[in-house]
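To start, the structure under review is shown below, and the notes come after it.
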Amino acid sequence: QVQLVESGGGLVQAGGSLRLSCARSGRIFRRYVMGWFRQAPGKEREFVAAISWSGGSTNYADSVKGRFTISRDNAKNTVYLQMNTLKPEDTAVYYCAADASGLEWAPTIKAQYDYWGQGTQVTVSS
């Protein structure tokens, strides 16, 4: 089994920044593809960003391109989401997810991911 624990969420003013972290424990298999998704109240969980196991491939939702950056440190089994120029519409619970396929890709589809964290709340005030 794999456990994912997110941290770094909080309340920030519009235009501010936050960095989310997701620590992975349990079965250590470095070729996990990692992703971030978010879910706002009353909305479906949506893709935010993903990174391949090597870090060589990334994908971003159009709504966050140029503002968010996903990265990973495989030595620490941790993935990060640096969020800059935050907007009120970024307010959501952010979830970390892991895809155990071992492929060198960065999928955007929820169904591709095998493990999920509990989420961390990000609130952006206007």
Side-chain angles (χ1 to χ4, degrees):
Q1 277 293 343
V2 171
Q3 292 80 43
L4 303 174
V5 179
E6 303 95 336
S7 62
L11 173 64
V12 64
Q13 287 189 330
S17 298
L18 282 174
R19 188 176 83 153
L20 305 183
S21 299
C22 173
R24 189 176 73 248
S25 62
R27 183 183 177 206
I28 303 302
F29 174 54
R30 299 197 185 281
R31 292 196 176 192
Y32 282 115
V33 176
M34 301 298 296
W36 287 97
F37 289 75
R38 66 187 182 187
Q39 188 166 16
K43 295 189 177 181
E44 294 285 323
R45 191 171 299 188
E46 65 177 6
F47 170 75
V48 175
I51 187 167
S52 63
W53 67 267
S54 73
S57 295
T58 57
N59 261 326
Y60 294 93
D62 287 343
S63 59
V64 307
K65 278 181 183 176
R67 299 189 298 122
F68 291 10
T69 303
I70 189 171
S71 62
R72 64 189 298 159
D73 184 338
N74 285 342
K76 296 182 178 179
N77 296 314
T78 301
V79 64
Y80 305 96
L81 185 68
Q82 178 66 44
M83 305 186 296
N84 298 329
T85 319
L86 282 161
K87 304 176 181 180
E89 51 263 44
D90 295 318
T91 295
V93 177
Y94 283 70
Y95 296 91
C96 172
D99 160 18
S101 69
L103 297 174
E104 180 63 12
W105 69 342
T108 65
I109 302 172
K110 285 182 294 187
Q112 182 58 48
Y113 291 85
D114 304 292
Y115 304 99
W116 293 84
Q118 293 299 307
T120 185
Q121 176 71 46
V122 171
T123 303
V124 184
S125 63
S126 57

Can you give the donor-acceptor pairs under 3.5 Å from side chains of residues 79-89 to other protein atoms, not counting sequence neighbours?
from : atom 1 : to  : atom 2 : distance (Å)
Q82  : NE2    : N84 : OD1    : 2.9
N84  : OD1    : S17 : OG     : 2.9

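The shortest distance between side-chain heavy atoms of W36 and E6 falls below 4.5 Å. The shortest side-chain heavy-atom distance between V122 and L20 falls under the 4.5 Å cut-off. Between W53 and L103, every side-chain heavy-atom pair lies at or beyond the 4.5 Å cut-off. Taking 4.5 Å as the limit, some side-chain heavy atom of S63 sits within range of a side-chain heavy atom of R38.
By the neighbour-count criterion of 12 heavy atoms within 6.0 Å, atom CD of Q121 is densely surrounded, having more than that number from other residues, nucleotides or ligands.
Sorted by first and then second residue, the pairs that involve residues 101-126 and meet ring pair (Phe, Tyr, Trp, His ring centres under 6.0 Å), not counting sequence neighbours, are F37-Y113, F37-W116.
Residues M34 and A98 share a closest heavy-atom pair of SD-CB, 3.6 Å. Closest approach of Y95 to G117, counting heavy atoms only: CD2-O, 3.6 Å. Scanning both residues, A106 and S57, for their nearest heavy atoms gives CB-O, 3.9 Å. When every heavy atom of V93 is checked against every heavy atom of G119, the shortest pair comes out as CG1-CA, 3.8 Å. The minimum heavy-atom distance between S54 and E104, with the atom names listed, is OG-OE2, 2.5 Å. Nearest heavy-atom pair, A40 versus T91, reported as atom, atom and distance to 0.1 Å: CB-O, 3.7 Å.
Checked by atom type and distance alone, the side chain of D99 never pairs as donor or acceptor with a backbone atom of V33 at under 3.5 Å. At distances below 3.5 Å, not a single donor-acceptor pair connects side-chain atoms of N59 with backbone N or O atoms of T108.
From T123, atom OG1 reaches atom CG of D90 across 11.0 Å, with rounding to the nearest 0.5 Å. Note that CG of N74 and CZ of R31 are 10.5 Å apart. Values are rounded to the nearest 0.5 Å. From R72, atom CZ reaches atom OG of S21 across 13.5 Å, with rounding to the nearest 0.5 Å.
The side chain to side chain donor-acceptor pair (under 3.5 Å) search around R45 returns Q39, not counting sequence neighbours.
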